[in-house]
Number of protein chains: 2
Amino acid sequence: MIKLKDIATACGVSVSTVSKALSDSDEISSEKKKEIIEKANELGYIANASARSLKTKRSQNLGLIFVDNTNSGLGHEYFSVILNSIKQEAENSGYDLTFISNKIDFSKKSYLNHAKYRGCDGVVIVSADFHDPNIIELVESDMPTVTIDYEYNNRTSIISDNRKGLEEIVRYLYEMGHRKIAFIHGEDTDVTRQRLASFYKTCEELKIVVPNEYIKSAEYHIPEYSFYATKELLDLPNPPTCIIYPDDYSYMGGLEEIENRDLKIPDDISVVGYDGIYLSRILRPMLTTYVQDGINLGKMASIKLIEMIENPKSYISERIMVTGYLQKGNTVKKL
Amino acid sequence: MIKLKDIATACGVSVSTVSKALSDSDEISSEKKKEIIEKANELGYIANASARSLKTKRSQNLGLIFVDNTNSGLGHEYFSVILNSIKQEAENSGYDLTFISNKIDFSKKSYLNHAKYRGCDGVVIVSADFHDPNIIELVESDMPTVTIDYEYNNRTSIISDNRKGLEEIVRYLYEMGHRKIAFIHGEDTDVTRQRLASFYKTCEELKIVVPNEYIKSAEYHIPEYSFYATKELLDLPNPPTCIIYPDDYSYMGGLEEIENRDLKIPDDISVVGYDGIYLSRILRPMLTTYVQDGINLGKMASIKLIEMIENPKSYISERIMVTGYLQKGNTVKKL
DNA sequence: TTGTAGGCGTTATCAC
DNA sequence: GTGATAACGCCTACAA
């Protein structure tokens, strides 16, 4: 591998001159710069990130935490969209992305240690158990971090606006004449709590009565749970006119039970999903769902993290809400 | 940050002794080792990967190339499963994963340069334009690489067995009594060519006649193309009894047209997908499809790459076929 | 405008 | 069994 010294020798100048020339320092005359840069290209010089970061304490590398909790992890389109967007935006700013695990070996027994070991300038936490002490340790350290869909005190977070999501859904259903609205929610997480609270609050504002039997608990991204929940809802003596599912995928479970009973969507029962994955658009009838803006979430995460890294003094942590929008498909009937 | 020197001072030994003790060298007495390790833990020592790799020329870090060609990229479940599996296996062997782009800046104008810049020990090429000169340069360099679903001369590749996939599908359809089989294939790639060749070959072996009108071209993962292809096939004076789709997602496009015509699957028309994504299992009727073993593909990619890195002399490049299996759903009618 | 020298944290060689 | 020392490639005062 060609190094600065080789270029220096070839050009008959010193190493530091080469270093300065390549970093476009204006201490170096433009002719010399040109000559050196040409020679560097000719020799196929490639900098050595390790040496550079050893010296500068900066790596231009971001850590990425992506814990596959639900076993759907990366397979969940919401997250893969976010990840892709983080990657794109980071690359645009000259940062690379390295996955950070908490694999146990001498120097990487925690996320924080792992990130430090790799010299990450900051870490994006996309999906993780936010109550894991390891994650908390990381977030509370002096390592710049950004979390997605979870908020810590005094830390920057990028949040998909779950309250607004449920509010919009409920208000739309209200407009469409629905008063008997069931909500199948995901497992108990902060996201779920926000959605649930917003659901109740909006119903209350609209004077919609929500019987306890209309609230069912399922798990995100596992259609089977929603299948059973749907069954229970449809068996009710006074069944709902519309069911809100935890996510678009889970709706597929509900759909099965609805078809089992030869009910037609939306004529016999209306349904609403959440996420707005690709599938929701290609299903027929097209699914009415709240589209989360994964691209923007990922983009903001990168932007804010890099901002924090590059202006450590002046940066003030913030909570950024990313709103989505209601995709009005054809699964809600006008009553 | 605590460094070796701090531990050395604290223990009253030299830096090199600490270094050796922490790497469990048997030059050091076990008491001293124990003492040093304890002190290191106590002080919260974390090694510095940059310094280490500067010295050792090894980074324990793998590059990952994942080009979002089709704009579905990471959103394509097949790839996200592979990626996740690569990650898992790499972590198990103590390697990290860094995304490698070909963003243009002074020292990273190509994939190869980027990988060298980051000191990657090797690179997994998951999804990319395999005819891109940049990719070819990388593969032909002395950087260890593994490609997925594409084979270069004398390079290790992990291949999902597309020939076997189509052969199994066609033979199954034959058993089920089908003789009029249409095949909607994806855009012209090596994968597509293999599938197509295998389709023709198997039909020939079984003496199934394939009229040209039964072969339609679409694009992977874009249901709309398959929607139109399906329309054309069903409009044929002598339509097929079964349609093979480019992938499970594309089938959704076909499904729409089939439902538009009030045809029932499988009674009026049989269908087969490809990939075996989660969706295929939750659809009703459950989709008959060829399940690609993404987990194994990813796992083998990591294993082989690491093998190559750790035994550069003795390693012989190989082509590893990963077979899947036919998921017999309920979308093919027995004729 | 250019060059010299020191050091970032680690490992490896060699001497003791 | 332990320690001194050099070197990995780069950057940056500071000197010239």
Side-chain angles (χ1 to χ4, degrees), chain A residues 1-37 39-40 43-61 105-108 113 115-121, chain B residues 1-37 39-40 43-61 105-108 113 115-121:
Chain A
M1 291 276 291
I2 300 298
K3 54 194 176 188
L4 291 186
K5 194 162 174 221
D6 300 321
I7 305 173
T9 310
C11 291
V13 296
S14 78
V15 176
S16 56
T17 304
V18 176
S19 172
K20 286 169 188 163
L22 293 185
S23 59
D24 201 28
S25 154
D26 42 33
E27 285 180 26
I28 308 294
S29 68
S30 34
E31 306 103 66
K32 219 153 215 128
K33 252 190 227 172
K34 194 166 160 247
E35 186 199 334
I36 290 174
I37 291 176
K39 191 52 107 181
L43 295 177
Y45 170 74
I46 301 157
N48 179 319
S50 295
R52 179 175 288 167
S53 88
L54 183 57
K55 183 70 195 174
T56 61
K57 310 283 180 202
R58 295 270 272 94
S59 62
Q60 297 282 114
N61 193 26
D105 92 35
F106 186 74
S107 46
K108 312 189 242 176
N113 283 356
K116 282 188 176 170
Y117 173 72
R118 283 287 173 208
C120 296
D121 295 334
Chain B
M1 291 275 291
I2 301 296
K3 55 193 174 188
L4 291 187
K5 197 166 173 216
D6 300 320
I7 304 173
T9 310
C11 292
V13 295
S14 78
V15 176
S16 39
T17 303
V18 176
S19 172
K20 285 169 189 165
L22 293 184
S23 60
D24 201 27
S25 155
D26 41 32
E27 284 180 31
I28 308 292
S29 69
S30 33
E31 305 102 69
K32 203 130 229 155
K33 251 191 227 172
K34 194 167 159 243
E35 186 200 332
I36 291 174
I37 291 175
K39 190 55 104 183
L43 296 176
Y45 169 73
I46 300 157
N48 179 320
S50 296
R52 179 175 287 167
S53 89
L54 182 57
K55 184 69 194 172
T56 60
K57 310 283 181 200
R58 297 267 273 94
S59 62
Q60 297 283 112
N61 193 26
D105 89 34
F106 185 75
S107 45
K108 315 189 242 181
N113 283 355
K116 283 187 177 171
Y117 173 71
R118 282 288 173 205
C120 296
D121 295 333

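Just so it is clear, the values below take in all heavy atoms, side chains as well, and ignore hydrogens, waters and symmetry mates. Within every chain, numbering begins at 1; the chains are lettered A, B, ... in the order of the sequence lines, protein sequences first and strands thereafter.
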Next item on the list: Verify whether one side chain among A:S14 and A:S16 offers a donor that lies under 3.5 Å from an acceptor in the other.
Entry: yes
Answer yes or no: does a side-chain N or O of [X] lie under 4.0 Å from OP1 or OP2 of [N]?
X     : N      : result
B:K32 : D:dG1  : no
A:S19 : D:dC11 : yes
A:S29 : C:dT1  : no

Next item on the list: Measure from CG on A:D26 to C1' on C:dT1 and round the result to the nearest Å.
Entry: 11 Å
Notebook entry, point to check: Roughly, in whole Å, what's the span from CD in A:Q60 to P in D:dC10?
Noted result: 16 Å
Calculate, to the nearest 0.5 Å, the distance between atoms [atom1] and [atom2] belonging to [X] and [Y] respectively.
X     : Y      : atom1 : atom2 : result
A:I28 : A:E35  : CD1   : CD    : 11.5 Å
B:I7  : B:T17  : CD1   : OG1   : 12.0 Å
A:S53 : A:R118 : OG    : CZ    : 10.5 Å
A:K57 : B:S50  : NZ    : OG    : 9.0 Å

Margin query: Using side-chain heavy atoms (C-beta onward) and a distance below 4.5 Å, is B:Y45 in contact with B:L22?
Written below: yes
Item checked: Option among B:L43, B:I36, B:I37 that satisfies the side chain to side chain contact (heavy atoms under 4.5 Å, CB included) test with B:K39 -> B:L43
Note to self: Need the bend value for the helix from C:dT1-D:dA16 to C:dC16-D:dG1: angle between end axes, 5 pairs each end, nearest 10°.
What the structure shows: 40°
Note to self: I'd like to know if the side chain of B:S19 and the backbone of B:V15 have a donor-acceptor N/O pair within less than 3.5 Å.
What the structure shows: no
Note to self: I'd like to know if the side chain of B:N61 reaches the main chain of B:C120, judged simply by a donor and an acceptor atom lying under 3.5 Å from each other, with no hydrogens or angles considered.
What the structure shows: no
Notebook entry, point to check: So, for B:S25 and B:K33, which heavy atoms are closest and what is the spacing to 0.1 Å?
Noted result: O-CE, 2.9 Å
Atom pairs under 3.5 Å: protein N/O with N/O of nucleotides 6-9 of chain C:
residue : atom : partner : partner atom : Å
C:dG6   : N2   : A:K55   : NZ           : 3.2
C:dG7   : N2   : A:K55   : NZ           : 3.2
C:dG7   : N3   : A:K55   : NZ           : 3.4
C:dC8   : O3'  : A:K57   : NZ           : 3.0
C:dG9   : OP1  : A:K57   : NZ           : 3.3
C:dG9   : OP2  : B:K3    : NZ           : 2.9
C:dG9   : N2   : B:A51   : O            : 3.4

Next item on the list: Could I get the full list of side chain to side chain contact (heavy atoms under 4.5 Å, CB included) partners for A:K116, not counting sequence neighbours?
Entry: A:L112, A:M143, B:M1, B:I46
Contact list (N/O, under 3.5 angstrom) for nucleotides 13-15 of chain C vs protein:
none

Checklist line | Residues within residues 5-14 of chain A bordering DNA chain D, heavy-atom distance below 4.0 Å | finding: none
Notebook entry, point to check: How would you list, by chain and number, every residue that makes a side chain to side chain donor-acceptor pair (under 3.5 Å) with A:D26, sequence neighbours excluded?
Noted result: none
